[in-house]
Amino acid sequence: MKAVIPRKLHRGHFAFMRALAQGLDERASWDRYLRLEGEHTDLRTVRRTIAWIRDEFAAAARREHKPGTARLILLDADRFSAAPALPSLAEFAEANGLEDFSESEQVEAYEAAYPAAGRAGQGARPSRRARVVERQLEALRWLENLVAQDPRPLDSVSAWLNPSMASRLERAGLRSLHALVERINGIGARWWAHVPGVGELKAARILDWLRANEQVLGLRIGAHAMTPRAQLGPLALAAVVPGGTALVPYEKFVLPAELDGSAGTNRAPRGQCLLMAANDHEAVGAWLSAKRPGDATGDLSATQRAYRKEAERLLLWAVLERGKALSSLTVEDAIDYRDFLLDPPAHWCGARHHQRWSPLWRPMEGPLAPSALRQAIAILRSLHAFLVNRNYLVGNPFATLAPPASLQQPLDSSRALSFAQWDHVDALLQAHADTEARRRLRRGMRWLYATGLRLAEITSARCEDLEQIEYRSADGALAIGWQLAVAGKGGRCRRVPVPPALVAELEDELARHGFERQVGAASNRGIHLLARFDAELRRPAAWSASGLYQAIKAFVAQAAAGLRGPDAQQLKKASTHWLRHSHGSHALRGREGQVPVPIQVVQNNLGHASVGTTAMYLAAAHAQSHTELR
């Protein structure tokens with residue numbers, strides 16, 4: 001059953017009720033403060049909203065043990081008589097034939113006729129209605145300071161908007177204010193067209209409220225979202241998302257100086273280069289220009305867009321995920337990029353219809369199908385062949401790369417470590433020098449191998465995601481274990497078992513740096529499992545995915561130096577994803593002293609939507625068994 005999120009009182013509710021208490025026009029006050037609730041002509045909505053506000057005010061007063069204040073707020077001040085209206089001095093003089101008398105004589109006669117008026121400046125008692133209104137205003141001021149809240153980005157829309165309007169937004173996937181603003185900025189003025197039940201008028205009310213609360217929300221509605229698309233030129237749309245080193249389209253992507261390719265390890269001698277390109281971005285641009293006919297004008301063709309898409313993805317991946325310049329990629333990088341296209345992280349994926357100017361644009365929709373993967377590799381092979389032929393690069397890392405014929409083929413057992421290779425790596429990790437960085441690397445590799453998590457999943461995991469559980473062991477005895485809550489691809493959540501030894505190791509690290517030893521302590525919330533405990537930082541910072549990747553690649557390269565033959569060559573190519581493959585293969589296969597893990601458990605650990613995907617590890621494990629037997 002869906003949890004009911006209570007609506008919150010904002011300052012507009014208090015302003016509206018103050019206006020009513022003072023006798024101001026109800027319609028004008030509604031349109032000014034509560035237009036978001038609906039039309040004033042819908043009297044049922046108006047009465048229902050007023051009743052809800054009064055009930056909420058009274059409930060808040062009762063929670064503060066102020067029953068008198070609660071009753072006062074519910075009082076209707078119109079039940080009490082107001083002081084009779086008195087004539088003005090001029091009206092009194094005209095009515096009594098005193099026009100020719102002096103003003104002092106008129107005042108004397110006026111005070112004799114209306115004694116209360118003479119005491120008005122000396123503390124005359126106001127009417128009972130005026131006293132009730134004043135006390136109500138005081139109560140409202142007290143309550144506003146007590147319970148009025150400001151909206152926050154992650155608040156549910158149902159906490160702030162009219163219930164019927166909020167439910168329509170939620171059905172369209174817009175559950176938080178942040179998601180709502182992101183959709184508005186991402187689609188523009190007609191963002192509401194894909195939200196059933198929300199038309200232009202309701203959308204305008206929502207927009208007005210969001211703009212009125214921009215400062216407290218910290219969320220800004222772009223000018224483009226308030227202007228019809230037909231009135232927006234290319235420059236206005238191009239300005240919506242600024243250029244930067246982020247997940248943005250090729251034309252807005254800014255290469256960091258250290259990764260711009262000017263010093264790429266695969267660069268040919270500068271004097272022999274036939275391109276004017278000074279960096280990888282410009283080199284890709286030269287290739288895209290060469291793919292466009294000289295007399296072409298207007299929009300790109302579908303083929304040209306495909307060229308740009310594949311070059312764009314590789315450039316973004318190289319810098320943002322790999323931490324390397326495009327002109328420094330190796331054959332091993334090309335292999336890992338192929339695997340990346342088959343399993344991209346969620347933040348890389350978005351709906352196809354989001355245009356390139358939109359903040360919702362993403363370079364991918366999801367994992368590539370076999371045909372799309374083959375096309376991607378062919379295009380990237382062509383890109384690098386062009387750069388080699390123009391003497392920009394000395395070699396083509398995609399020249400011999402072949403895509404898998406089908407995603408349903410057994411996994412390549414050569415991309416998982418053997419038991420002996422893992423034992424060799426684990427022994428080196430144990431003997432690694434005792435520094436914070438090396439203990440962190442040891443935690444990272446052991447957690448990846450023991451859980452099968454993806455790189456992005458392990459680097460985003462925090463202490464509060466760990467939970468201690470009780471379970472029955474095989475012999476029926478009660479045991480204590482740990483599990484990790486993981487938010488995987490597509491927003492799917494799962495709980496993955498974690499060996500107690502890994503949790504104990506993490507708790508030792510927390511205590512070593514002055515934090516509570518118990519991983520679940522409230523003070524440890526927000527600390528990542530692979531946190532960097534830097535003495536200069538008050539709170540440990542997260543270890544980036546690229547940082548973990550590079551550290552593991554460097555370590556396994558060192559580990560390979562202690563081996564000979566095929567094992568050494570195999571280990572040199574290993575990466576973070578190999579540890580995930582190793583988890584699946586080893587868990588299903590089992591070894592001496594460890595029975596095979598049920599395939600459903602391994603499927604959960606790996607976060608596979610289909611058990612068929614997990615079953616590929618069985619074929620890989622069988623192939624590896626035959627190899628070792630030979």
Side-chain angles (χ1 to χ4, degrees), residues 265-266 322-324 328-340 395 397 400-402 410-435 437-455 458 499 501-502 505 530 545-594 596 616-630:
T265 57
N266 195 25
R322 201 61 154 182
K324 298 178 74 172
S328 294
L329 296 181
T330 64
V331 172
E332 290 79 11
D333 293 324
I335 293 172
D336 284 345
Y337 178 65
R338 179 188 63 186
D339 295 343
F340 176 87
T400 59
L401 181 66
L411 290 175
D412 183 359
S413 60
S414 68
R415 301 196 65 240
L417 301 179
S418 67
F419 285 119
Q421 288 167 349
W422 169 250
D423 290 343
H424 172 69
V425 167
D426 194 42
L428 291 177
L429 285 171
Q430 185 62 35
H432 220 27
D434 196 27
T435 66
R438 292 182 175 181
R439 289 193 304 272
R440 183 183 350 124
L441 174 62
R442 183 165 60 220
R443 289 204 313 280
M445 294 189 70
R446 285 178 170 174
W447 278 75
L448 283 169
Y449 175 75
T451 62
L453 296 184
R454 300 177 178 92
L455 183 60
I458 189 61
L502 295 185
E505 189 179 49
L530 300 185
S546 61
L548 174 58
Y549 180 92
Q550 297 294 343
I552 289 178
K553 285 292 290 183
F555 181 79
V556 295
Q558 294 174 5
L563 299 175
R564 288 184 175 184
D567 280 343
Q569 297 302 318
Q570 175 87 340
L571 204 52
K572 285 180 181 178
K573 296 184 290 185
S575 66
T576 52
H577 211 68
W578 285 45
L579 296 178
R580 176 174 164 84
H581 288 319
S582 301
H583 170 85
S585 178
H586 293 185
L588 289 172
R589 184 179 172 190
R591 64 186 301 185
E592 185 178 355
Q594 296 176 0
M616 298 179 198
Y617 287 93
L618 287 171
H622 294 158
Q624 192 168 42
S625 295
H626 286 293
T627 299
E628 292 174 354
L629 182 61
R630 286 195 301 270

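Computation of the quantities below employed the complete heavy-atom set of this structure, encompassing side-chain atoms and omitting hydrogens, waters and symmetry-equivalent molecules.
- Using a 4.0 Å cut-off between a side-chain N of Lys or Arg and a carboxylate O of Asp or Glu, D423 and R591 qualify as a salt bridge.
- Residues I552 and S575 approach most closely at CG2-C, 4.5 Å, considering heavy atoms.
- Summarising the geometry, atom CE belonging to M445 is positioned 8.0 Å from atom CG belonging to L448; distances are rounded to the nearest 0.5 Å.
- What you find for T330 and K324 is that their closest heavy atoms are CG2-NZ, 3.9 Å.
- One finds the OG1 atom of T576 at 12.0 Å from the CZ atom of R454 (value rounded to the nearest 0.5 Å).
- Two rings, from F340 and H577, have their centers 6.0 Å or more apart.
- With rounding to the nearest 0.5 angstrom, the CZ atom of F419 is 13.0 Å from the CG atom of D426.
- We find the NE2-CG distance between H424 and D567 to be 8.5 Å, quoted to the nearest 0.5 Å.
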Discussion item. Apply side chain to side chain contact (heavy atoms under 4.5 Å, CB included) to residues V331 and L401 and explain how you reach the verdict.
Written reply: CA-CA 8 Å; V331 172; L401 181 66; over 6 Å; no

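- Distance alone, capped at 3.5 Å, places no donor-acceptor pair between the K572 side chain and the V556 backbone.
- One finds the CD atom of Q558 at 9.0 Å from the CG atom of L428 (value rounded to the nearest 0.5 Å).
- A pairwise comparison of heavy atoms in N266 and P397 identifies ND2-CD, 4.3 Å as the closest pair.
- Closest approach of S328 and T265 over heavy atoms only: OG-N, 3.0 Å.
- Between R439 and D434 the shortest side-chain heavy-atom distance falls below 4.5 Å.
- The heavy-atom pair separating A559 from V425 by the smallest distance is CB-CG2, 4.4 Å.
- Evaluated for a side chain to side chain donor-acceptor pair (under 3.5 Å) with Y449, the options R580, H583, H586 yield exactly one hit, H586.
- Listed for the D339 side chain is no donor-acceptor partner under 3.5 Å among the backbone atoms of D336.
- In terms of heavy atoms, G444 sits closest to L548 at CA-CD1, 4.4 Å.
- Using a 4.0 Å cut-off between charged nitrogen and carboxylate oxygen, E505 and R442 count as a salt-bridge pair.
- In this structure, the side chain of S585 does not engage the main chain of H581 through any donor-acceptor pair within 3.5 Å.
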